[in-house]
Amino acid sequence: MQIEIEVVSGDSHSQRLQRFTVTAGLTARQAVALAEPEWPAARQNSTPIGVFGKKVRDDYVLQPYDRVEIYRPLLIDPKEARRLRAANKPAEKSR
């Protein structure tokens, strides 16, 4: 039986969505390797992956129409980014 899935990935400059028709029983990690063959880190267990925004194990068996997401490392901690933005924001004038 064949099922349709999507694999999404991105970086700070672009996003990519790929659609595949695959044999039922494919795992999330196998889908990542299929979508990102030139990126060896994607095939390794160290790169976190998820389905529809929820982190999943590598051996998660994909269901029809699942969207596999490849999570890249954060460039900066979100709390630190907010602190830096606040420090650079000009003070508001009192009325």
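Within the 4.5 Å cutoff, no side-chain heavy atoms of R57 are placed close to those of I49. The side-chain heavy atoms of L34 and V7, taken from C-beta on, include no pair separated by under 4.5 Å. You'll find the side chain of R16 reaches within 4.5 Å of the side chain of E36, heavy atoms only. Using a 4.5 Å heavy-atom threshold, the side chains of L62 and T27 count as separate. You'll find the side chain of E6 stays beyond 4.5 Å of the side chain of V68, heavy atoms only. With a 4.5 Å cut-off on side-chain heavy atoms, I5 and Y65 do not count as touching.
In this structure, CD1 on I76 lies 13.5 Å from CZ on R82, to the nearest 0.5 angstrom. Interatomic distance, NZ of K55 versus OH of Y71, reported as 9.5 Å (0.5 Å rounding). With rounding to the nearest 0.5 angstrom, the OG1 atom of T21 is 4.5 Å from the CD atom of E4.
A donor-acceptor pair is defined here as one N or O able to donate and one able to accept, closer than 3.5 Å; such a pair exists between the side chain of D66 and the backbone of Q63.
Under the 4.5 Å side-chain heavy-atom criterion for Ile, Leu, Val, Met, Phe, Trp and Tyr, M1 and F20 are members of the same hydrophobic cluster. No chain of hydrophobic side-chain contacts below 4.5 Å, direct or via other Ile, Leu, Val, Met, Phe, Trp or Tyr residues, connects F52 to V8. Note on V51 and V22: same hydrophobic cluster, where clusters join Ile, Leu, Val, Met, Phe, Trp and Tyr whose side-chain heavy atoms are under 4.5 Å apart, directly or indirectly.
If you check the side chains of S9 and Q15, you find no donor sitting under 3.5 Å from an acceptor.
Salt-bridge formation is not detected for the pair K79/D77: no Lys NZ or Arg NE/NH1/NH2 atom is positioned less than 4.0 Å from an Asp or Glu carboxylate oxygen. Ion pairing between a basic and an acidic side chain is recognised when a charged N comes within 4.0 Å of a carboxylate O; E69 and R67 show such pairing.
Here the shortest heavy-atom pairing between G10 and R72 reads O-CG, 3.3 Å.
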